[in-house]
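Following: one structure in structure tokens, then a few remarks.
The structure displayed is predicted, hence computed values, not measured ones. Proteins come first, then strands; the chains are lettered A, B, ... in the order of their sequence lines, and each starts at number 1.
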Amino acid sequence: MTTHEQQEQQEQDVKLFFSSHLLEWYHGQKRDLPWRRHRNPYYIWISEIMLQQTRVDTVIPYFNRFIERFPTVESLADAPEEEVLKCWEGLGYYSRARNLQHAARQVKELYGGQVPDDRDAVFGLKGVGPYTAGAILSIAFNRPEPAVDGNVMRVLSRYFLLEDDIAKGPTRVKMERLAAELIPEGEASYFNQALMELGALVCTPKSPRCLPCPVMEHCAARLAGCETSLPVKTKAKPPRPEERLAALVTGSGEHAGRVLIRQRPQSGLLARMWELPHWPAPPAEGGAAGALLPEAAALDRLRRSLRQAGIFARPEGHWTAAEHTFSHIVWTLQVYTCREEDAPALPLAAEARASYAAAGAAEPPVELFEGGSGHPEDGGAVRWINREDMESYAFPNVFLKLLNRYFDEAEQQES
DNA sequence: AAGTCGGGGGC
DNA sequence: GCCCCAGACTT
């Protein structure tokens, strides 16, 4: 046998060792997760969409509620979109929910309500990319397809000491080829889950638990002592800060005891979710970025933004500040309590024109809803709600917390 | 290839 | 604070 052939044989042995030991470990260590109790392709599919960029512990309660409310593909396909969004409330990446329902309608109409088991069909479902397609095909149907996510790339980077940047596209393709080679005959479902389970429980990003690892013996990174410096991944850009003024408008007259909420536009950030109205804060005088706007200026700006949006209310004072972090933006919301007022006798357009004229040409126009086209169906719908009504609207977490806190405080003041 | 899309847990 | 998570989609 040549040296080259010996080397190849050794690589094969290391791969076989990995696959067999990992599989055996999985059968002893796998967690009891709701979507693992039956091999139901619909359950697998829902769980995989929820698990995109989201931890198992976070997903479990959402999954259980979702399956209870939408037990079948058809029930999901036929549901009102707001109900799907409400089920997703707080889970983030809300386009996942909309895409999921779109895909449920695809499955209902194209495949008779049965989740398809062939590659092209699964890939064609909205919201299903390379990872999720591989996960559905392998976990639900035991097809020998790779399912390469962050866990898998981390595990493979370490075991095979691969220094490719996992943030780059081609790296995933390379990992998929490798992961496909590793699948033992007829064991795609368990093996792919085992790979991810190892990444979640043992081969963690920081301080991996190498001693109990079933494949430590041949882990190249461990042998080289560099397991904590893998995988290589370029840093994400820091999110840009955005200062915003938010209005907590309490109703008077027929709206007494209620708070004003607004719906976001059809597309983009937090699409179709409900929120307290808010607008970009003008830069503070003196120009220092992040400097706090003087209260009087904020109150005045908010009053005009509200009026421009057709809301007649008087900002009264600063209530609280709240932060909300997205992947690419950080909102700092300065929340002001505002009191609903009677609409003025003058029509809004005339009011607005007079307001601009009085302010002079230097006054910047305040958009009705930035990013929107101005059409009502693009968002901007408003409602006056009490605490019980919150059941009917889906809110991003920051507004969920603000509203709950407000209603708590209002209740305490009554008693 | 880079930007857009949430939110939380772990350290 | 920072990192990353069972990623997909758009440009």
d([atom1], [X]; [atom2], [N]) in whole Å:
X	N	atom1	atom2	result
A:L100	B:dC5	CG	C1'	16 Å
A:W274	B:dG6	CH2	P	17 Å
A:R96	B:dG6	CZ	P	9 Å
A:E323	B:dG6	CD	P	17 Å
A:F326	B:dG6	CZ	P	7 Å
A:L270	B:dT4	CG	C1'	12 Å
A:I166	B:dA1	CD1	P	15 Å
A:L85	B:dC5	CG	C1'	14 Å

*Verify whether one side chain among A:R383 and A:S392 offers a donor that lies under 3.5 Å from an acceptor in the other.*
no
*Given A:K86, which of A:E89, A:E82, A:E83 fulfils the salt bridge (Lys or Arg N to Asp or Glu O under 4.0 Å) condition?*
A:E89
Using a heavy-atom cut-off of under 4.0 Å over every strand shown, decide if [X] touches base, sugar-phosphate, or nothing.
X	answer
A:R36	base
A:L91	base
A:T54	base
A:I44	nothing
A:R154	sugar-phosphate
A:G268	sugar-phosphate
A:V152	nothing
A:T325	base
A:P170	sugar-phosphate

*Mind listing the closest non-hydrogen atom pair of A:P396 and A:L270 along with its distance?*
CG-CD1, 3.7 Å
*asked:* Looking at every non-hydrogen atom in both residues, tell me the closest pair between A:A313 and A:C338 and how far apart they are.
replied: CB-CB, 4.2 Å
Taking only the [atom1] atom of each, what is the distance from [N] to [M] in whole angstrom?
N	M	atom1	answer
B:dC5	C:dC4	P	22 Å
B:dG6	C:dT11	P	16 Å
C:dA8	B:dG9	C1'	23 Å

_Pairwise 5' ranking along DNA chain C for A:S47 and A:V128, keeping only the more 5' one_ = A:S47
*On DNA chain C, nearest-nucleotide positions of A:Y93 versus A:T234: which is more 5'?*
A:T234
*asked:* On the nucleotide B:dC5, are OP1 or OP2 found under 4.0 Å from the side-chain N or O atoms that A:H328 carries?
replied: yes
*Extract, from 5' to 3' on DNA chain C, the first and final nucleotides lying under 4.0 angstrom from some heavy atom of chain A.*
C:dC3 to C:dT10
*asked:* Is the terminal nitrogen or CZ of A:R272 (NZ for Lys, CZ for Arg) located under 6.0 angstrom from the six-membered ring centre of A:W88 and within 45° of that ring's axis?
replied: no
*Sort out for me which residue in A:Y62, A:F63, A:F66 forms a ring-ring contact (aromatic ring centres under 6.0 Å, His included) with A:W35.*
A:F63
_If you count heavy atoms of other groups shown closer than 6.0 angstrom to CZ of A:R65, is the number above 12?_
yes
_Just checking A:F70: does its CZ atom have more than 12 heavy atoms from other residues, nucleotides or ligands closer to it than 6.0 angstrom?_
yes
*If you pin A:R55 and A:I329 to their nearest nucleotides in DNA chain B, which one's is more 5'?*
A:I329
*asked:* Taking the nucleotide of DNA chain B with the nearest heavy atom to each, does A:T58 or A:G92 sit closer to the 5' end?
replied: A:G92
*What residue among A:V232, A:L156, A:D164 forms side-chain contact (heavy atoms from CB on, under 4.5 Å) with A:T171?*
A:D164
*Go ahead and name the base partner of B:dA2; Watson-Crick or wobble counts if both distances stay under 3.5 Å, otherwise write none.*
C:dT10
